[in-house]
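Working notes, structure below.
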Amino acid sequence: MPDTETGNLETILVVDDNEMVLRCVVAILKHANFRVISADSGAKAIELAKATEGIIDMLLSDVDMPLMSGPDLGATLKKTRPDLHVMLMSGGVDGNLLVLNYGWAFIQKPLVATKLVQMMLSVLHSPDRSQSGGQEFDSRKDTP
């Protein structure tokens, strides 16, 4: 739900070790009126989450990052923020294999802005805080 004082929607923590991807995703989400906080590694994301007093509605993270994968980051953050929605993204051909074990939403890179926002809204408003049924929100199932 929009915050009437700021006009922003939910708070999204975006994590990607590729600076260009991170900046692009942050810009897309800010344009879609999300409140965005970002980090370039799992360790920095954990510190940022600890320092953030308010609700973080969603983690949007790259799957394959040095030192800590996106799925590991999601599992770690959900220990202290159990209501956190998790959505993962990858440009790799096997990016969704790790994701399927957790049942979290997955979107394939390169990202299409409208599809990213649409999928995020679907995941954010699912009662289960994650994707139900394996690949339901898997962008690769879309037909051109």
Side-chain angles (χ1 to χ4, degrees), residues 1-3 6-126 128-132 134-144:
M1 300 301 286
D3 178 328
T6 63
N8 289 337
L9 296 169
E10 293 92 345
T11 298
I12 312 299
L13 172 55
V14 181
V15 186
D16 200 303
D17 60 316
N18 181 313
E19 182 182 344
M20 187 169 30
V21 172
L22 185 62
R23 283 191 310 208
C24 180
V25 172
V26 167
I28 289 168
L29 298 183
K30 283 184 176 181
H31 182 73
N33 213 28
F34 289 102
R35 179 174 176 256
V36 182
I37 53 179
S38 62
D40 62 4
S41 70
K44 288 181 183 174
I46 291 168
E47 289 305 313
L48 188 56
K50 285 180 184 175
T52 301
E53 293 183 20
I55 294 171
I56 298 174
D57 297 289
M58 177 183 277
L59 167 66
L60 175 61
S61 178
D62 187 23
V63 171
D64 187 23
M65 297 184 294
L67 304 178
M68 177 179 274
S69 72
D72 288 343
L73 174 59
T76 298
L77 290 178
K78 283 186 78 65
K79 289 177 185 173
T80 57
R81 294 179 178 267
D83 291 339
L84 181 72
H85 294 268
V86 178
M87 185 166 160
L88 299 167
M89 55 187 172
S90 177
V93 292
D94 295 326
N96 74 322
L97 295 178
L98 288 170
V99 177
L100 293 177
N101 291 333
Y102 293 89
W104 291 333
F106 175 80
I107 188 165
Q108 183 74 39
K109 294 178 193 175
L111 302 172
V112 175
T114 54
K115 183 62 178 174
L116 173 63
V117 172
Q118 177 188 36
M119 287 180 63
M120 289 180 60
L121 289 171
S122 294
V123 174
L124 281 165
H125 298 117
S126 68
D128 175 27
R129 302 283 188 229
S130 66
Q131 159 185 336
S132 59
Q135 297 184 26
E136 182 176 340
F137 293 106
D138 189 336
S139 65
R140 292 167 307 144
K141 292 174 64 179
D142 296 341
T143 55

Should we say atom CG of L121 is surrounded by more than 12 heavy atoms from elsewhere, each under 6.0 Å from it?
yes
State, with a plain yes or no, whether a side-chain heavy atom of M89 is found less than 4.5 Å away from one of L116.
no
Can you measure from CG (L29) to CG (L13) and round to the nearest 0.5 angstrom?
11.0 Å
Separation between NE2 of H31 and CG of N33, rounded to the nearest 0.5 Å:
9.5 Å
Do side-chain atoms of D57 reach the backbone of T11 as a donor and acceptor pair under 3.5 angstrom?
yes
With side chain to side chain contact (heavy atoms under 4.5 Å, CB included) as the test, would you mind laying out the steps for L77 and I56 before giving the verdict?
CA-CA 10 Å; L77 290 178; I56 298 174; over 6 Å; no
Could you check whether any side-chain N or O of K78 sits under 3.5 Å from a backbone N or O of L84, counting only pairs where one atom can act as donor and the other as acceptor?
yes
Within-4.5 Å side-chain heavy-atom neighbours: L124 and F34:
yes
The test is side chain to side chain contact (heavy atoms under 4.5 Å, CB included); show your working for D16 and V25 and say whether it passes.
CA-CA 9 Å; D16 200 303; V25 172; 6.0 Å; no
Determine the minimum heavy-atom distance between S61 and L73, stating which atoms define it.
OG-CD2, 3.9 Å
Let me confirm one number: the CD1-NE2 distance from I12 to H85, rounded to the nearest 0.5 Å.
8.5 Å
Value for OG (S41) from CE (M65), rounded to nearest 0.5 Å, stands at 7.5 Å
Can you name the closest pair of heavy atoms from A45 and A39 and give their distance?
N-CB, 3.6 Å
Ignoring hydrogens, what is the shortest heavy-atom contact between G42 and V15? Give both atom names and the distance.
N-CG1, 4.3 Å
I need the D62 CG to K109 NZ distance, nearest 0.5 Å.
3.5 Å
Can you check whether E10 reaches M58 side chain to side chain, under 4.5 Å on heavy atoms?
no
Does the side chain of D64 reach to within under 4.5 Å of the side chain of D17, using non-hydrogen atoms?
no
Any idea which heavy atoms bring L9 and A32 closest together, and the distance?
CD1-O, 3.5 Å
Nearest atoms (heavy-atom pairs only) where V123 meets A105
CG2-CB, 3.4 Å
Side chains of R81 and L59: closer than 4.5 Å at any heavy-atom pair?
no
Over all atoms of both residues, closest heavy-atom pair of L111 and I107
CD2-CG2, 3.7 Å
